[in-house]
Amino acid sequence: MACVGVFVAYLPVTTVSVSLPAIQRALNASTSELSWVSSAFVLPVAALILTSGVFGDVHGRKKVFQAGLAFCALGATVSLSAQSVQSVWAGQALSGVGSAALQPMTLALISHAVPDPRERGKFIGLWATSLMAALAVGPLIAGLIVDHFAWRWIFLPTVPVALLVMALSVPLLRDSRAPGSRRLDWPGQITAALAVTALVYGVIEGGAGSFADARVMVALSVAAVALVAFVLVEKRSESPMLDLSLFRSPAFTATTVVIMITFLGLIGFFFVLSLYFGTVQHLSTLEAGLRLLMVTLVPVALGGVFGRLSRKVSARVLITGGLLVTAAALLSLTTIDAVTSFGSLAWRLALLGLGLGTTFTAVTATAVASVPHHLAGMAAAGNNAFRQVGGALGPAVLGTLLTTKAVDALPGHLAGVDGTAGARIISAVETGGFGAVARMDLGPMRGKTLGALSEAFVDGLHLCLIVSAALMLLAAVISALLLRRTRQTSVTVAVGTASNATPTAAAAAAQERISQ
């Protein structure tokens with residue numbers, strides 16, 4: 001149940017990412033509107049994942065698990081019937097609420113069902129494999145559907161799977177609650193959600209228009225005030241959503257910053273690369289999905305190898321090394337152009353998957369192993385929340401960079417096009433995105449204009465790749481400076497107790513956690 005649940009929770013990530021060009025063409029969406037298709041899913045996850053964990057601890061994990069499945073099915077249904085990009089946002093947001101409930105609850109259910117920490121490690125491995133499988137098969141599912149049916153049908157598979165698991169969970173799952181007296185932290189929840197939403201809104205709208213716009217300035221100011229309010233509220237709360245004492249651990253601080261930066265670069269990279277496949281290379285969704293599969297297939301295929309390495313090599317070496325490999329892969333992609341072949345892309349994308357797989361294997365386990373056992377569940381949830389914040393900012397930041405750089409470069413590439421026509425094309429890109437040019441009547445200059453547009457897009461893509469690589473290098477420096485060698489015996493146990501399932505498990509974690 002837990003494995004299928006996490007599969008449902010993560011399936012929209014790559015399924016939707018690879019379908020963005022088809023969604024853009026069908027709904028005439030601008031680049032900023034397309035950014036919200038991804039961010040509308042990630043924002044609720046970032047805002048609600050911590051509260052969902054507490055809600056399950058207090059009111060019952062089975063109920064929250066079932067509610068998560070229901071929201072995923074409802075969100076997919078709304079997106080399935082969408083006639084506008086705004087309807088897709090709504091569906092994605094509902095699916096994000098479901099994913100926020102499922103992610104912590106699936107681990108909690110495993111912890112409750114398998115009290116033995118060492119035995120539990122095998123099931124955590126299956127859980128992680130299910131997560132990566134969702135990311136791997138998402139592009140293929142989307143490709144097969146979009147190439148033969150309308151793009152909306154990419155949301156259909158989630159509905160029957162979620163409803164079937166909901167029905168089976170009624171007789172098969174036992175409910176559980178966490179011992180203790182945790183309470184919902186509504187002030188913390190409200191200020192956190194306001195800070196994240198206002199920040200992402202400000203970045204997306206500022207990139208689409210101007211950061212001097214009154215709405216954007218208000219949004220960014222609200223984000224700053226809400227963030228300060230969140231810190232003050234959590235310091236005074238008797239039952240905080242995120243215990244700020246976690247950040248006294250250099251290892252927890254390092255892994256949290258690393259995962260946020262990494263997901264910002266990764267999800268943003270998937271966003272711009274998907275547009276590159278559709279806008280520049282004019283690939284079908286299935287062809288684009290096969291290329292993106294190269295990134296996710298390596299971590300799935302080498303999951304066992306990464307697991308064995310984590311028991312023999314320090315987290316500091318694994319995380320820093322993985323980030324350096326990821327940065328090298330991103331920099332290698334800066335040589336691609338409009339006609340780069342699949343073969344030339346494949347090894348670069350596989351190298352990217354290798355770096356990411358090495359990093360992700362160790363990050364969350366190190367985060368929860370770096371704090372006292374009674375905070376392990378909160379540490380895992382906090383790490384997930386910051387991961388989703390990075391994921392929400394990724395399309396916003398890199399989408400803004402992509403559009404800004406491409407628009408700046410476009411006049412130079414349109415040198416041979418009539419001045420009036422060139423100005424009209426640039427205006428269309430600024431207001432409607434790259435897809436707007438393809439819908440224009442360009443006459444005999446169509447071939448030259450689309451070629452210029454592709455070259456300008458590639459210029460923007462190269463900038464995004466350089467920025468993503470710089471982010472990975474920054475994360476590698478943070479990892480190298482703040483992480484110390486951890487005892488690998490604590491990793492599996494700490495992950496397994498991410499929901500504080502039983503006193504026995506907690507006692508074992510206490511005996512084996514790393515010293516601070």
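Quick caveat, the model's predicted, so the values are computed rather than measured.
Heavy-atom minimum distance, Ser39 versus Pro44: O-CD, 4.4 Å. Of all the heavy atoms in Ser38 and Leu20, the pair that sits closest is OG-CD1, 4.1 Å. Of all the heavy atoms in Val203 and Ala396, the pair that sits closest is CG1-CB, 3.6 Å. Between Ala195 and Ala223 the shortest heavy-atom distance is O-CB, 3.6 Å. Ser479 and Ile319 make their closest contact through OG-CG2, 3.5 Å (heavy atoms, listed as atom of the first residue, atom of the second, distance). When all heavy atoms of Leu318 and Thr358 are compared, the closest pair comes out as O-CG2, 3.4 Å.
The backbone N or O of Gly322 sits less than 3.5 Å from a side-chain atom of Thr326, completing a donor-acceptor pair. The backbone N or O of Ala329 lies less than 3.5 Å from a partner atom in the side chain of Ser332, making a donor-acceptor pair. The main-chain N or O of Ala47 is found under 3.5 Å from a side-chain atom of Gln189 such that the two form a donor-acceptor pair. Of the possible polar contacts, one joining the Thr262 side chain to the Val258 backbone as a donor-acceptor pair under 3.5 Å is found. Not a single donor-acceptor pair under 3.5 Å links the side chain of Thr256 to the backbone N or O of Thr253. A donor-acceptor contact shorter than 3.5 Å links the side chain of Glu234 to the backbone of Leu242. Side-chain atoms of Thr191 come within 3.5 Å of backbone N or O of Pro187 as a donor-acceptor pair. Side-chain N or O atoms of Arg316 include one that pairs as donor or acceptor with a backbone N or O of Ala480 at under 3.5 Å. Between the side chain of Thr334 and the backbone N or O of His462, no donor-acceptor pair lies under 3.5 Å. No side-chain donor-acceptor contact under 3.5 Å links Gln92 to the backbone of Ala40.
Here the rule is side-chain contact (heavy atoms from CB on, under 4.5 Å) with Leu393, and of Ile261, Leu199, Leu43 only Leu199 fits it.
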### Query
Could you walk me through whether Leu398 and Val467 pass the side-chain contact (heavy atoms from CB on, under 4.5 Å) check?
CA-CA 8 Å; Leu398 294 191; Val467 170; 4.2 Å; yes

### Task
Decide side-chain contact (heavy atoms from CB on, under 4.5 Å) for Phe55 and Leu48; before the verdict, give the C-alpha distance in whole Å, the side-chain angles of both, and the deciding distance to 0.1 Å.
CA-CA 10 Å; Phe55 209 91; Leu48 299 175; over 6 Å; no

### Leu292 and Phe277: CA distance, side-chain angles, deciding distance, side-chain contact (heavy atoms from CB on, under 4.5 Å) verdict
CA-CA 10 Å; Leu292 290 177; Phe277 288 143; 4.1 Å; yes

### Task
Take Leu140 and Leu293, measure what side-chain contact (heavy atoms from CB on, under 4.5 Å) needs, and give me the verdict at the end.
CA-CA 8 Å; Leu140 296 182; Leu293 183 62; 3.9 Å; yes

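A 4.5 Å side-chain heavy-atom check between Phe270 and Val18 finds every atom pair outside the cut-off. Between Phe41 and Val16, every side-chain heavy-atom pair lies at or beyond the 4.5 Å cut-off. Proximity of Leu333 to Leu349: side-chain heavy atoms (C-beta onward) are separated by under 4.5 Å at one or more points. For the pair Val8/Val165, no side-chain contact is recorded, criterion being any heavy-atom separation below 4.5 Å from C-beta on. Taking the side chain as every heavy atom from C-beta outward, Tyr276 and Arg291 never approach each other to under 4.5 Å. Side chains of Thr359 and Leu356 form no contact here, defined as non-hydrogen atoms less than 4.5 Å apart. Side chains of Trp89 and Val37 form a contact here, defined as non-hydrogen atoms less than 4.5 Å apart. Side-chain contact between Thr158 and Leu11: present, with at least one pair of heavy atoms (C-beta onward) separated by less than 4.5 Å.
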Donor-acceptor pairs under 3.5 angstrom involving side-chain atoms of residues 65-76: please list them, not counting sequence neighbours.
{"unit_1": "Gln66", "atom_1": "NE2", "unit_2": "Ser169", "atom_2": "OG", "d": "3.0"}

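Going from atom CD of Glu238 over to atom CG of Asp185 covers 11.0 Å, rounded to the nearest 0.5 Å. The CH2 atom of Trp36 sits 8.0 Å away from atom OH of Tyr201, with the distance rounded to the nearest 0.5 Å. Expressed to the nearest 0.5 Å, how far CG of Leu275 lies from SG of Cys464 amounts to 9.5 Å. Interatomic distance, CG of Leu482 versus OG1 of Thr255, reported as 9.5 Å (0.5 Å rounding). To the nearest 0.5 Å, atom NZ of residue Lys405 and atom CG of residue Leu461 are 12.0 Å apart. How far CG of Leu352 is from CG of Leu266: 7.0 Å, rounded to the nearest 0.5 Å.
Applying the side chain to side chain donor-acceptor pair (under 3.5 Å) test to Ser17 and every residue at least two apart in sequence or in another chain returns nothing.
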